[in-house]
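This report refers to the structure that appears directly beneath it.
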Amino acid sequence: MTYCVGLLLNDGMVLLSDTRTNAGLDNIATYRKMFTFEDPGERVIVILTAGSLSVTQTTIAELREAVDDPEATPETSIMLAPTLLKVAEVVGDTLGRVRRTVDEKLASMRQGVSASLIVAGQRKGGAMRMFLIYPEGNFIEATEDTPFLQIGEHKYGKPILDRVVRPSTSLEDAQKAVLLSMDSTLRSNLSVGMPLDLAVIRAGECRVGHTRRFEPGDADFTRISSAWSKALRYSFLKIRI
């Protein structure tokens, strides 16, 4: 399984993903789930993936092939699409087609597959936008009322986001929020695991301004996790009923 989260804020976007993929307790592997398509200063698109690895890897591969195709058009390439809405449509169509193809191959085994994506980005002169793409290819968009999107094992990390994340949240606080959201998930679900990939996109820059990978035992992540645990215990003890 996995956990990925994206925040859409006034100052920019913050995205975080884990890298664990497992098919049982004795078959655990690490695969990147954050993918960047970028023409710095002109366009930036970051895609987070969750679900069937065969579906997500094939979807990303087909999107990259479409970008590199000499005959690419705004209808086929996310780097030529005129709007981020069109980007979401292209990604959704690709995901839906790939999922259906894999489903057909597994039909005789009475098995099915599922995958979902978060697509975030900005083009020069356009607004920042973020979409959650469902397995069927349809999607919803992050708004001021709901400025974050999650895929995968999202239930453990959602409470802190509900309580602290607003469109006005600073990028610094947003990074703290997604890391603590991930920390809660790591503590409660063994199917989510490090390393973690973080990306920050400042509004109007149309580029990924900051990236970081948090490896197991990372000193900063450990410090944040420990401080959060102590703060929760302290607050708990202070509450009276």
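- Proximity of a side-chain donor or acceptor of T19 to a complementary backbone N or O of P195 within less than 3.5 Å is detected.
- K33 places a side-chain N or O within 3.5 Å of a backbone atom of R20 that can act as its donor or acceptor partner.
- A distance of 7.5 Å separates CG of L117 from OG1 of T56, quoted to the nearest 0.5 Å.
- V164 has its side chain out of reach of T169: every pair of non-hydrogen atoms, C-beta onward, lies at least 4.5 Å apart.
- Between E144 and R166 there is no salt bridge, since none of the side-chain N atoms of the basic residue sits less than 4.0 Å from a carboxylate O of the acidic one.
- Partner E42 forms a salt bridge (charged side-chain N to carboxylate O under 4.0 Å, His left out) with one of R123, R207, K124 and no other, that one being K124.
- Side-chain contacts under 4.5 Å among hydrophobic residues (ILVMFWY), followed directly or transitively, place F236 together with L237.
- The salt bridge (charged side-chain N to carboxylate O under 4.0 Å, His left out) test applied to K155 returns E153, not counting sequence neighbours.
- Side chain of E38 to main chain of R43: no donor-acceptor pair is present (N/O by atom type, distance under 3.5 Å, no hydrogens or angles).
- Summarising the geometry of V87 relative to A81, their closest heavy-atom pair is CG2-CB, 3.8 Å, with the distance given to 0.1 Å.
- Between D103 and R100 there is no salt bridge, since none of the side-chain N atoms of the basic residue sits less than 4.0 Å from a carboxylate O of the acidic one.
- Here the closest heavy-atom approach between residue V102 and residue S54 is recorded as CG1-OG, 4.2 Å.
- Within the 3.5 Å criterion, the main-chain N or O of L196 finds no donor-acceptor partner in the side chain of D18.
- The nearest pair of heavy atoms linking D173 to S170 is N-OG, 3.1 Å.
- Scored by the side chain to side chain donor-acceptor pair (under 3.5 Å) test, E141 finds R129 as partners (sequence neighbours excluded).
- Taking 4.0 Å as the cut-off between side-chain N and carboxylate O, R223 and D218 do not count as a salt-bridged pair.
- At distances below 3.5 Å, at least one donor-acceptor pair connects side-chain atoms of S235 with backbone N or O atoms of A231.
- In the hydrophobic cluster analysis, where Ile, Leu, Val, Met, Phe, Trp and Tyr join through side-chain heavy atoms closer than 4.5 angstrom, V113 is grouped apart from Y31.
- For E215, the CD atom sits in a packed shell: over 12 heavy atoms of surrounding residues, nucleotides or ligands are nearer than 6.0 Å.
- Residues Y3 and W228 share a single hydrophobic cluster, defined by chaining ILVMFWY side chains whose heavy atoms lie under 4.5 Å apart.
- Between R202 and D11, none of the side-chain N atoms (NZ, or NE/NH1/NH2) sits under 4.0 Å from a carboxylate O, so this pair counts as no salt bridge.
- When all heavy atoms of L186 and G193 are compared, the pair lying nearest together is CD2-CA, 3.6 Å.
- Panel note: side chain E65, backbone D69; no donor-acceptor pair is recorded below 3.5 Å.
- Criterion: ILVMFWY side-chain heavy atoms under 4.5 Å apart, direct or through other members. Under it, I160 and L16 are part of a common hydrophobic cluster.
- Rounded to the nearest 0.5 angstrom, T58 OG1 and R99 CZ are separated by 13.5 Å.
- In this structure, R64 forms a cation-pi arrangement with F37, its terminal cationic atom sitting closer than 6.0 Å to the ring centre and no more than 45° off the ring axis.
- Considering CG of L161 and CD of Q150, their distance stands at 5.5 Å, rounded to 0.5 Å.
- Residue I47 is grouped with residue V67 when hydrophobic side chains (ILVMFWY) are merged at heavy-atom distances under 4.5 angstrom, including chains of intermediate members.
- Applying the side chain to side chain donor-acceptor pair (under 3.5 Å) test to T222 and every residue at least two apart in sequence or in another chain returns nothing.
- Of all heavy-atom pairs between V14 and L198, the closest is CG1-CD1, 3.9 Å.
- Using a distance-only test at 3.5 Å, with no hydrogens or angles considered, no donor-acceptor pair links the side chain of S181 to the main chain of A177.
- A115 and S52 get closest at one heavy-atom pair: CB-N, 4.1 Å.
- L80 and V90 end up in different hydrophobic clusters when Ile, Leu, Val, Met, Phe, Trp and Tyr side chains are linked at under 4.5 Å.
- No donor-acceptor distance shorter than 3.5 angstrom exists from the side chain of S77 to the backbone of P74, with no hydrogens or angles considered.
- Under the 3.5 Å distance criterion, the side-chain polar atoms of S229 are matched with a main-chain donor or acceptor of S225.
- Between the side chain of T59 and the backbone N or O of V55, at least one donor-acceptor pair lies under 3.5 Å.
- Contacts of F139 classified as ring pair (Phe, Tyr, Trp, His ring centres under 6.0 Å), with partners at least two apart in sequence or in another chain: F131.
- Counting Ile, Leu, Val, Met, Phe, Trp and Tyr side chains that sit under 4.5 Å apart, directly or through other members, L8 shares a hydrophobic cluster with M13, L15, M34, V44, V46, L48, I118, M128, M130, L132, Y134, I140, L149, I151, I201, V208.
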